[in-house]
There are 2 protein chains.
Amino acid sequence: MKEITSQQQRVLDCIQIYLNKTGFPPTRADICKELGFKSPNSAETHLRALEKKGFISIEKGTSRGISITNNQEYPTNNDEYPVIGLVAAGSPTLAEENIEKTINCPNSFFESNFDYFLKVKGLSMKDAGIMEDDLIAVKKTTDVKNGDIVIARLEDEVTVKFFKRKSPKIVELEPANEEFENIIINLEQDELHIEGKSVGLLRKN
Amino acid sequence: MKEITSQQQRVLDCIQIYLNKTGFPPTRADICKELGFKSPNSAETHLRALEKKGFISIEKGTSRGISITNNQEYPTNNDEYPVIGLVAAGSPTLAEENIEKTINCPNSFFESNFDYFLKVKGLSMKDAGIMEDDLIAVKKTTDVKNGDIVIARLEDEVTVKFFKRKSPKIVELEPANEEFENIIINLEQDELHIEGKSVGLLRKN
DNA sequence: TATTATACTGTACATATATTCAGTATTTTT
DNA sequence: AAAAATACTGAATATATGTACAGTATAATA
């Protein structure tokens, strides 16, 4: 799948919105009307480009013969995802993976695929909109960037914080709540294990 | 919804199968080919009957302008839920239901069933863990209790707030952010329309 | 520097498609 | 028993629509 341009994205979005609204794909003229083009060939060339890049397929000689390609790298199936609870509050402890229950969820639900839900205890990330009992969709990975919300383990304690690398040896775990303090880790002295990062959040009222 | 005949059911199935296979609806000729009819008018009359009975809707003068009406008497496990955007920030305006896209989601995903996702603008509910661009699962209902997070409309303005009935005539809409002020509504003077209430939240990082 | 991709306008036309009209026949409803 | 709905064939046609061709212009790539 090659890169999409911003205009091609607009056309692709237009097709999707038209489909949602009407139940059938747009004509070239419909796209022009929607996006302000004055020639049907403007739509045509964009469609050809989108087809070439694999985002849509076009049935030749067929009116409205556009279909959006299921570009799923991850298939659109549902899966059972375990819900793992953090045991303690404040600086929470996991001890062992404790599956409370499972949730059936499309596996392409979030931007990235993920491995389990983590049930949040405490309010250390409340200013990031993460509240008690929220379910964080966690992708198991050690590839984290500054600003990512990470699930980190320090010995037996598991915590959810913003990740910030200060220097090659110093990592800071930053809460989103002024009542909590930053955790500063010197990697030469302490062992930090990144369990994964948040790729989404689920709350059930 | 009147009764469907067996032939009309065949036509309806044919449309659904064609849609699943190609991504766009069939023409009259396509239906004929599929079901063995020799005249496009055979398909036409069946389509008219199906439209009259409410199973489909037909866009006049539009090629392949058939869409199957959502008669969700038989709910499936997964459904497509529309994502509706709030246009302005602060005290946001909806104006008209603007379907940005749809999300495929199990229909028993939250405690209660729901009707659509509302994309949040602004931070007026941030202390309730509702951040910009979060998706609130909204159940259309006017049956709300004190403390519920409601989607309320005041004239053309749509807003998400805590619901609090002060007296039979006075309702207060309470934000979860000290930078915002309570909205006090005298039901005798102003018109308050409760669009629904939040039954869950979804965030995509 | 030449070439390809992107991003359009504008015209033209073959054909894909909806849709009407004229029939025939059977079943269901009033 | 008459009227309406169902279930078709067959032909005709206006128009909706895809698509090719001729241009112009800019940005990206080789």
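Lettering of chains follows the sequences in order, A, B, ..., and the numbering in each one begins at 1.
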Would you please confirm or rule out a distance under 4.0 Å between OP1 or OP2 of [N] and any side-chain N or O of [X]?
| X | N | answer |
| --- | --- | --- |
| B:Gln8 | D:dA7 | yes |
| A:Lys38 | C:dA7 | no |
| A:Gln7 | C:dC8 | yes |
| A:Lys60 | C:dA16 | no |
| A:Arg28 | D:dT17 | no |
| B:Ser63 | D:dT17 | yes |
| B:Ser39 | D:dA11 | no |

Kindly give the heavy-atom pair with the smallest separation between [X] and [Y], and that separation in Å.
| X | Y | answer |
| --- | --- | --- |
| A:Glu191 | A:Leu154 | O-CD2, 3.7 Å |
| B:Phe37 | B:Val11 | CE1-CG2, 4.4 Å |
| B:Thr22 | A:Ser67 | O-CB, 3.2 Å |
| B:Arg64 | B:Pro25 | NH1-O, 3.0 Å |

Output the rounded distance in Å from [atom1] ([X]) to [atom2] ([N]).
| X | N | atom1 | atom2 | answer |
| --- | --- | --- | --- | --- |
| A:Ile31 | D:dG18 | CD1 | C1' | 12 Å |
| B:Leu35 | D:dT6 | CG | C1' | 16 Å |
| A:Ile56 | D:dG18 | CD1 | P | 12 Å |
| A:Gln9 | C:dT6 | CD | P | 14 Å |
| A:Glu59 | C:dT15 | CD | P | 18 Å |
| B:Ile4 | C:dT28 | CD1 | P | 17 Å |
| A:Lys52 | C:dT6 | NZ | C1' | 11 Å |
| B:Lys53 | D:dA4 | NZ | C1' | 13 Å |

_Consider side chain to side chain contact (heavy atoms under 4.5 Å, CB included). Of A:Arg165, A:Lys197, A:Lys139, which one does A:Val144 pass it with?_
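By the side chain to side chain contact (heavy atoms under 4.5 Å, CB included) criterion, A:Val144 pairs with just one of A:Arg165, A:Lys197, A:Lys139: A:Lys197.
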*asked:* As a test of understanding, state which of A:Asn182, A:Ile184, A:Val150 forms a side chain to side chain contact (heavy atoms under 4.5 Å, CB included) with A:Leu173.
replied: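 Between A:Leu173 and the candidates, side chain to side chain contact (heavy atoms under 4.5 Å, CB included) is satisfied uniquely by A:Val150.
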_Earlier contact from the 5' end, DNA chain D, for B:Asn41 and B:Arg64_ =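 Its nucleotide being nearer the 5' end, the pick is B:Asn41.
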*By a strict heavy-atom criterion of less than 4.0 Å, which residues belonging to residues 42-50 of chain A are in contact with DNA chain D?*
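Nucleic-acid contacts, sorted: A:Glu44, A:Arg48.
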_Tell me whether the count of non-hydrogen atoms from other residues, nucleotides or ligands lying under 6.0 Å of CD in B:Glu181 goes above 12._
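Count not over threshold, so no.
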_By nearest atom, which of the nucleotides C:dT9, D:dT9, C:dT6 is closest to the A:Thr5 side chain?_
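Closest of the options to the side chain of A:Thr5: C:dT6.
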